[in-house]
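Letters go in sequence order (proteins before strands), and every chain restarts at 1.
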Amino acid sequence: MLTINQIKNNKEEIIKKLSVRNKDFSELINKAIEEDNNRRAIQNELDATLAKSNQIAKSIGLLFKEGKQEEANNAKQEAVQLKEKSKELSEKMNASKNNLQKILSEIPNIPHPSVPAGKTDEDNELVREGGTIPNLTKKVPHWELTSKFDIIDFELGNKITGAGFPVYKGKGAKIQRALIAFFLDEADKAGYKEIMPPLMINEASGFGTGQLPDKEGQMYHMTEDNLFMIPTAEVPVTNIYRDVILNEEDFPIKMTAYSSCFRREAGSYGKDVRGLNRLHQFDKVEIVRISHPEKSYETLDEMVAYVETLVQKLELPYRIVRLCGGDLGFTSALTYDFEVYSAGQDKWLEVSSVSNFESFQANRLKLRYKAKGEKQTKLAHTLNGSALALPRILAALLENNYTEDGIKIPKVLQKYLNFDVIN
RNA sequence: GGAGAGAUGGCAGAGUGGUCGAAUGCGGUAGUCUUGAAAACUAUUGUACCCACAAGGUACCGGGGGUUCGAAUCCCUCUCUCUCCGCCA
């Protein structure tokens, strides 16, 4: 969420920058400013009324002490009237605040100047590519390979739970474990502190990172306890810093977490859902950073470079794209997507999304820092990225490395496994 | 799940209707002293909003609601924590 001060101070500029998202936000922006003016007017009056009430209440205490019953009773009358007035005003004020909140929550993050204009993923900008696309004699999609080698059982998942909950077996399960260990070890080497977070979150956490209230339908909801299954470790990990005021010297904050992720994927039925392409439960290692505002883009570049080393070490052909305005997430200012080429399907699969949210999440989280010698707190910047999501990485590994002799395991994973080929 | 106790500032911990944004101690910051440090002493030390700034004002003592002219203090409710019992990996 943008702050009202951000909006007021740079109104025209913000409207202009938001237009990169292919939508005109001038009306909402104007409404927000108008409502804020309204709110301030009400608060002025309310504060004055309360001040008077407080004054009278104090004087009543003194009058009683002095035994001036009559005067005290007169003062009470006045106080009652003031109270009614302040009640009215505070109701108005709450309504105004809620309305402002609602308007603000409909305004997305301001795209970074480097975000290209565009409508769909076709307008995304290719930043870099690497690796070599394998020249396979036979292209086999992973869902055939997994059943051929009996390493992932989709049918069994259907039986136990439902579609989108695969069962990993034997070498399939071991590869999952190896990938998780590999990703965590790499993150550790890169200075990220490992976190093992809760897999369910409460409402406040969901609000902090922006899943609630908008994307409520995308999370599994335990209504009995009002908890939600996490769609990504970003949520619990970033919320570690909800309601926190940091010191400048606490930066940089680097965290990583492995977790299972749960997504209802409502509304995406039938679209690229075969095999591992889109699941309700999957595993992912996430990196999260909290950064000084002046350093956050440096941080973003660092994260992109880091994720790039992962796909390189896994020897996967990849490309990095900068999302265009139309494809950019609501909360993000700049996002780089990583895609790996999956030869069996002849498709690029998105395996990581690395974003700078600037102060958009921090505002909701109330995550601030205090510069040395300054009294005012400022919002920190938050960033996160997948490093990496397992299922599509696995799909690409299986498809790209498949030969007549079986599926070869990339070198970096071999030390985590007691086999180097699946056959 | 049952019974009881509790939730106060960075921490510890007073405060049971008015003079409490809140004693005291510790910690933090600045200064005095010192070659430097420690100790000691002095001052300062929550967040947000209104206000151009300052002055001043308002709100916040786990969350929400209520009683009252006035609530950290009384009532209701929710959440959480602790102790005991039960169950349990």
Side-chain angles (χ1 to χ4, degrees), chain A residues 1-11 32-101 103-104 196 198-208 212-213 221-228 236 239-250 253 260 359 362-380:
Chain A
M1 215 162 52
L2 301 178
T3 66
I4 187 64
N5 286 333
Q6 264 175 299
I7 291 173
K8 279 197 310 198
N9 295 336
N10 303 293
K11 181 183 150 186
I33 292 174
E34 199 180 303
E35 190 58 73
D36 184 58
N37 289 336
N38 182 34
R39 188 207 100 234
R40 294 211 322 273
I42 297 169
Q43 182 167 354
N44 263 324
E45 205 182 344
L46 175 62
D47 281 359
T49 309
L50 288 171
K52 215 171 189 183
S53 285
N54 287 341
Q55 226 176 351
I56 292 174
K58 248 178 214 169
S59 74
I60 289 175
L62 290 174
L63 288 172
F64 271 128
K65 226 172 237 174
E66 292 164 19
K68 297 176 181 167
Q69 293 283 338
E70 209 172 304
E71 279 181 55
N73 283 330
N74 286 341
K76 270 196 195 182
Q77 300 256 319
E78 195 183 346
V80 170
Q81 282 179 4
L82 282 171
K83 200 192 174 185
E84 264 169 45
K85 189 176 171 193
S86 67
K87 207 170 182 180
E88 234 171 74
L89 284 168
S90 77
E91 268 166 30
K92 265 198 201 170
M93 167 108 146
N94 278 336
S96 173
K97 268 187 175 170
N98 288 340
N99 192 233
L100 179 60
Q101 190 79 358
I103 295 167
L104 288 176
M196 200 178 267
L199 302 182
M200 295 190 204
I201 48 137
N202 58 27
E203 262 183 292
S205 294
F207 178 82
L212 294 176
H221 188 190
M222 318 289 137
T223 50
E224 185 80 12
D225 301 289
N226 198 22
L227 297 172
F228 299 84
N239 271 281
I240 291 173
Y241 286 91
R242 168 153 50 86
D243 285 320
V244 167
I245 298 175
L246 297 161
N247 293 314
E248 238 175 339
E249 57 266 29
D250 295 330
I253 291 167
S260 291
S359 59
N363 184 216
R364 293 180 152 230
L365 291 160
K366 297 208 167 34
L367 164 51
R368 294 156 291 172
Y369 74 96
K370 200 176 244 179
K372 225 180 161 62
E374 275 183 47
K375 214 177 142 108
Q376 273 262 304
T377 60
K378 290 181 187 153
L379 293 171

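- In this structure, the salt bridge (charged side-chain N to carboxylate O under 4.0 Å, His left out) partners of A/K8, at least two apart in sequence or on a different chain, are A/D36.
- Within the nucleic acid shown, A/A51 comes within 4.0 Å of sugar-phosphate atoms alone, with no base atom in reach, counting heavy atoms only.
- Remark: A/K83 pairs with no residue by the salt bridge (charged side-chain N to carboxylate O under 4.0 Å, His left out) rule, at least two apart or across chains.
- Using a 4.0 Å heavy-atom criterion, one finds that A/L46 contacts no nucleic acid atom at all.
- B/A71 and B/A59: their C1' atoms are spaced 14 Å apart (whole Å).
- B/A48 and B/G31 have their P atoms separated by 25 Å, given to the nearest Å.
- A/Q101 is linked by a side-chain contact (heavy atoms from CB on, under 4.5 Å) to A/M1, A/F207, counting only residues two or more places apart in sequence or in another chain.
- Shown here, B/G6 forms a base pair with B/C80; the pair counts as Watson-Crick or G-U wobble because both key distances fall under 3.5 Å.
- Checking B/A22 for Watson-Crick or G-U wobble geometry (two distances, each under 3.5 Å) identifies no partner in any strand.
- Taking atom P on both B/U8 and B/G4, the two are 22 Å apart, rounded to the nearest angstrom.
- Comparing the C1' positions of B/C33 and B/C26 gives a spacing of 23 Å, expressed to the nearest Å.
- Base pairing annotation: B/A55 forms no Watson-Crick or G-U wobble pair, as no partner gives both donor-acceptor distances under 3.5 Å.
- Residue A/T377 is in sugar-phosphate contact alone, with no base atom involved, counting any heavy-atom pair closer than 4.0 Å across all strands shown.
- Using the Watson-Crick or G-U wobble rule with both distances under 3.5 Å, B/A40 pairs with B/U32.
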Show the atom names and distances, to 0.1 Å, of all donor-acceptor pairs under 3.5 Å that link a side chain in residues 41-50 of chain A to residues at least two apart or in another chain.
from  : atom 1 : to    : atom 2 : distance (Å)
A/T49 : OG1    : A/E45 : O      : 2.7

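- Using a 4.0 Å heavy-atom criterion, one finds that A/K366 contacts no nucleic acid atom at all.
- If you check B/U73 for Watson-Crick or wobble pairing at under 3.5 angstrom, you find it has no partner at all.
- Shown here is A/E248, whose CD atom has more than 12 heavy atoms of other residues, nucleotides or ligands within 6.0 Å.
- Look at the P atom in both B/G15 and B/A52: the space between them is 43 Å, to the nearest Å.
- Here A/N73 lies out of heavy-atom contact (under 4.0 Å) with every strand.
- You can see that RNA chain B meets the heavy atoms of chain A within a 4.0 Å-exclusive cut from B/G18 to B/G70, reading 5' to 3'.
- Remark: A/M200 engages A/M222, A/L227, A/M229 in a side-chain contact (heavy atoms from CB on, under 4.5 Å) (not counting sequence neighbours).
- Using Watson-Crick or G-U wobble geometry with both donor-acceptor distances under 3.5 Å, B/G46 finds its partner in B/C60.
- In a base pair of the Watson-Crick type (N1 to N3 plus N6-O4 or O6-N4) or a G-U wobble (N1-O2 and O6-N3), with each distance short of 3.5 Å, B/A14 is matched with no nucleotide.
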